[in-house]
Amino acid sequence: MISALLLLAASTTQPIATARVTFDRGGERSVRVSGLADVAAVRALTADDPARIASISKLVVAIAVLRLVEQHRLDLDTDVSDALGYPLRNPAFPDRAISLRMLLSHQSSLTDTIDYVLPLDADMRAILADPRAWDALHAPGSYFHYTNFNFPVIAAVMERAAGERFDRLMQRLVLAPLKLDACYTLASCSDGAVRRAAVQYRSGVVTRDDNHGQRPACPVTRGRDGRCDLSTWRAGANGATYSPQGGLYISVRDLARVGRMLLGKGKLDGVRILRSQSVKLLKTPVWTWNGATGAASNGDTWSGQMCRYGLAVGFVATGIAGCRDDPFGDGRPRIGHLGEAYGLRSGLWVDVTRGTGTAYFATDVAELPGTHSAYTATEEALARGTLP
């Protein structure tokens with residue numbers, strides 16, 4: 001039975017599981033879920049089941065950063081070296097300071113050419129001193145290069161500013177106030193979220209989170225010595241531990257609550273999460289592709305998928321010539337973020353003008369190109385609600 005299900009999953013271009021919620025400021029408008037959260041257990045996915053949502057995690061981090069900015073504990077434009085306690089510099093441009101705004105908008109000149117998934121006992125300061133981690137051709141603030149490593153640095157800055165472990169800080173600043181049953185890595189998840197977490201697959205093969213409803217023995221990347229002692233945490237020493245770049249476990253139903261807060265100008269169900277000025281910052285682009293290629297280009301568009309970006313916020317349907325950034329195919333501008341990791345694809349997009357939004361994810365997504373964008377065919381179908 002189990003092997004037959006796995007064979008079936010591996011032989012089709014359809015995802016193993018999909019979940020999609022549409023919403024407006026007042027609440028959910030539609031919910032559609034299909035497939036299995038766990039093939040081996042033959043457990044059906046529900047709209048309340050969390051998945052490791054990948055890079056939408058970055059948008060939620062930005063919400064927490066702006067809460068700390070509102071509290072005057074962080075500043076978007078000062079040198080982050082001050083908060084880190086050591087100089088953060090691109091060795092090729094030692095006189096150019098790097099700010100949170102640059103890190104959040106992927107203009108820091110950091111790259112992912114070295115591994116950003118660090119062991120628990122890693123010395124992130126030493127890793128950031130390696131010239132291989134940096135773009136030697138473009139100075140900080142001059143070029144958009146989507147880079148996961150920006151977010152462990154942001155997490156380290158947050159920890160140093162607040163004196164609190166990143167995953168717990170995210171709970172206090174964002175997840176608990178929004179009443180989300182969500183967490184960064186499974187370390188701080190509720191028992192129910194752990195039991196319901198969706199298994200990730202690629203081509204029918206498990207890629208992660210096959211935990212049989214139990215907490216993993218080590219919810220983070222073990223230390224180089226194989227140990228998993230979370231009590232060794234020191235603020236800012238290793239911002240990668242709790243995977244700020246992609247480690248948020250959240251359901252589509254809770255993703256919709258994040259979108260509703262953005263539509264509500266910082267309020268959700270009468271509770272103020274962000275000031276309206278902070279939400280306005282999230283809705284404001286920081287970088288826009290100049291339309292050029294080669295040496296004249298001001299950024300890498302991911303084959304036209306990313307042509308405008310803000311503070312960990314993506315913009316789709318920009319209308320810029322040469323861009324293929326509209327998975328919905330209706331030409332309507334939206335803000336939010338995409339996600340891609342371990343065979344999962346996800347999206348949270350809000351149409352600010354109409355006051356509506358869509359949250360979705362799918363596991364085991366085939367790499368089939370879409371028909372009208374640089375997104376996959378599955379992402380286009382999830383965005384438009386046309387999956388069978």
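In this structure Arg132 satisfies the salt bridge (charged side-chain N to carboxylate O under 4.0 Å, His left out) test together with Asp130, sequence neighbours excluded. Legend: residues meeting ring-ring contact (aromatic ring centres under 6.0 Å, His included) with Tyr143, ordered by chain and number and at least two apart, are His138. Applying the salt bridge (charged side-chain N to carboxylate O under 4.0 Å, His left out) rule to Arg253 yields the partners Glu28, Asp48; only residues at least two apart in sequence or on another chain are considered.
Residues Asn148 and Lys58 bring a donor and an acceptor atom of their side chains to less than 3.5 Å of each other. Ser34 and Thr18 are linked by a side-chain donor-acceptor pair at a separation below 3.5 angstrom, with hydrogens and angles left out of the test. Between the side chains of Asp49 and Ser251, no donor N or O sits under 3.5 Å from an acceptor N or O. A side-chain donor-acceptor contact under 3.5 Å links Tyr249 and Asp209. Judged purely by distance below 3.5 Å, without hydrogens or angles, the side chains of Thr232 and Asp229 never pair a donor atom with an acceptor atom. Tyr146 and Ser55 share a side-chain donor-acceptor pair at under 3.5 Å. Checking Ser373 against Asp326 by side-chain atom types alone, no donor-acceptor pair falls below 3.5 Å. Side chains of Thr113 and Thr111: a donor-acceptor N/O pair is present below 3.5 angstrom, by distance only. When only modelled atom types and interatomic distance are considered, Ser243 and Arg52 share a side-chain donor-acceptor pair under 3.5 Å. Side-chain atoms of Ser109 and Asp135 form no donor-acceptor pair, as typed in the model, at a separation below 3.5 Å.
Across Leu263 and Gly357, no two heavy atoms sit closer than the pair CD1-N, 4.4 Å. For the pair Ala182 and Gln171, the tightest heavy-atom approach, listed with the atom from each and the gap, is O-NE2, 2.7 Å. Contact between Ala193 and Pro50 at its shortest, heavy atoms only, is O-CG, 3.5 Å. Of all heavy-atom pairs spanning Arg101 and Leu311, the tightest one is CG-CD2, 3.8 Å. Counting all heavy atoms, side chain and backbone alike, Phe151 lies closest to Pro244 at O-CG, 3.4 Å. Minimum interatomic distance between Ala383 and Thr358 (heavy atoms only, all atoms of both residues): O-CG2, 4.4 Å.
Under the 3.5 Å distance criterion, the side-chain polar atoms of Ser297 are matched with a main-chain donor or acceptor of Ala292. A donor-acceptor pair is defined here as one N or O able to donate and one able to accept, closer than 3.5 Å; no such pair exists between the side chain of Ser276 and the backbone of Lys265. Within the 3.5 Å criterion, the main-chain N or O of Pro369 finds no donor-acceptor partner in the side chain of Thr376. In terms of modelled atom types and a separation under 3.5 Å, the side chain of Glu159 and the main chain of Gly236 share a donor-acceptor contact. A donor-acceptor distance shorter than 3.5 angstrom exists from the side chain of Ser99 to the backbone of Met102, with no hydrogens or angles considered. Looking at Asp24, its side chain does come within 3.5 Å of a backbone N or O of Gly27 through a donor-acceptor pair. The backbone N or O of Cys183 lies less than 3.5 Å from no partner atom in the side chain of Tyr242, so there is not a single donor-acceptor pair. Put simply, the side chain of Glu380 gets close to the backbone of Thr371: a donor and an acceptor are under 3.5 Å apart. With hydrogens and angles disregarded, no donor-acceptor distance shorter than 3.5 Å links the side chain of Gln200 to the backbone of Arg208.
The environment of CZ in Arg172 is crowded: more than 12 heavy-atom neighbours from other residues, nucleotides or ligands sit within 6.0 Å. For Arg222, the CZ atom is densely surrounded, since the number of other residues' heavy atoms within 6.0 Å is greater than 12.
Arg260 and Asp269 are joined by a salt bridge, as a carboxylate oxygen and a charged side-chain nitrogen come within less than 4.0 angstrom of each other. A salt bridge is defined here as a Lys NZ or Arg NE, NH1 or NH2 lying under 4.0 Å from an Asp or Glu carboxylate O, and Asp121 with Arg227 fails to meet this definition. The pair Asp123-Arg125 does not meet the salt-bridge criterion, since no charged nitrogen lies less than 4.0 angstrom from a carboxylate oxygen.
In the hydrophobic cluster analysis, where Ile, Leu, Val, Met, Phe, Trp and Tyr join through side-chain heavy atoms closer than 4.5 angstrom, Leu66 is grouped together with Val271. One hydrophobic cluster, built from ILVMFWY side chains closer than 4.5 Å, holds both Ile98 and Val153. One hydrophobic cluster, built from ILVMFWY side chains closer than 4.5 Å, cannot hold both Val117 and Leu186; they sit in different ones. Two different hydrophobic clusters hold Met306 and Val61 under the rule that ILVMFWY side chains link at heavy-atom gaps under 4.5 Å.
Note that CD1 of Ile53 and CG of Asp254 are 10.5 Å apart. Values are rounded to the nearest 0.5 Å. Rounded to the nearest 0.5 Å, atoms OG1 (Thr13) and CD (Glu367) are 12.5 Å apart. Once rounded to the nearest 0.5 Å, the distance linking CG of Leu255 with CH2 of Trp349 reads 12.0 Å. The CZ atom of Arg257 lies 10.0 Å from the CD1 atom of Ile250; values are rounded to the nearest 0.5 Å. A distance of 10.0 Å separates CG of Asn298 from CZ of Phe144, quoted to the nearest 0.5 Å. If you take CZ on Arg160 and CZ on Arg234, they are separated by 9.5 Å, rounding to the nearest 0.5 Å.
Using a 4.5 Å cut-off on side-chain heavy atoms (C-beta onward), Gln107 and Ser142 make no contact. Counting heavy atoms from C-beta outward, Ser108 and Pro140 have side chains that stay 4.5 Å or more apart. Side-chain contact check for Asn238 versus Trp233: every heavy-atom pair is 4.5 Å or farther apart. For the pair Leu76 and Leu104, the minimum side-chain heavy-atom distance is below 4.5 Å.
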Item to check | Worked verdict on Leu100 versus Leu74 for side-chain contact (heavy atoms from CB on, under 4.5 Å) | outcome: CA-CA 9 Å; Leu100 274 173; Leu74 288 176; 4.0 Å; yes
Next on the checklist: As a quick check of understanding, evaluate salt bridge (Lys or Arg N to Asp or Glu O under 4.0 Å) for Asp181 and Arg196, giving each step before the final call.
Outcome noted: CA-CA 11 Å; Asp181 192 5; Arg196 297 191 309 272; 3.0 Å; yes
Item to check | salt bridge (Lys or Arg N to Asp or Glu O under 4.0 Å) between Asp79 and Arg96, intermediate numbers included | outcome: CA-CA 9 Å; Asp79 186 346; Arg96 296 292 292 269; over 6 Å; no
Next on the checklist: As a quick check of understanding, evaluate side-chain hydrogen bond (donor to acceptor under 3.5 Å, both in side chains) for Tyr342 and Arg202, giving each step before the final call.
Outcome noted: CA-CA 7 Å; Tyr342 301 106; Arg202 184 181 286 117; over 6 Å; no
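With Tyr360 as the aromatic partner, Arg20 does not meet the cation-pi criteria of under 6.0 angstrom to the ring centre and within 45 degrees of the ring axis. Cation-pi geometry between Arg345 and Phe361 is not met: the NZ or CZ atom fails to fall both under 6.0 Å from the ring centre and inside 45° of the normal.
A side-chain hydrogen bond (donor to acceptor under 3.5 Å, both in side chains) check over residues 66-75, counting only residues at least two apart or in different chains, returns the pairs Glu70-Ser278. A salt bridge (charged side-chain N to carboxylate O under 4.0 Å, His left out) check over residues 279-300, counting only residues at least two apart or in different chains, returns nothing. Residues in residues 303-314 take part in these side-chain hydrogen bond (donor to acceptor under 3.5 Å, both in side chains) pairs, two or more places apart or across chains: His106-Tyr309, Thr288-Arg308, Tyr309-His337.
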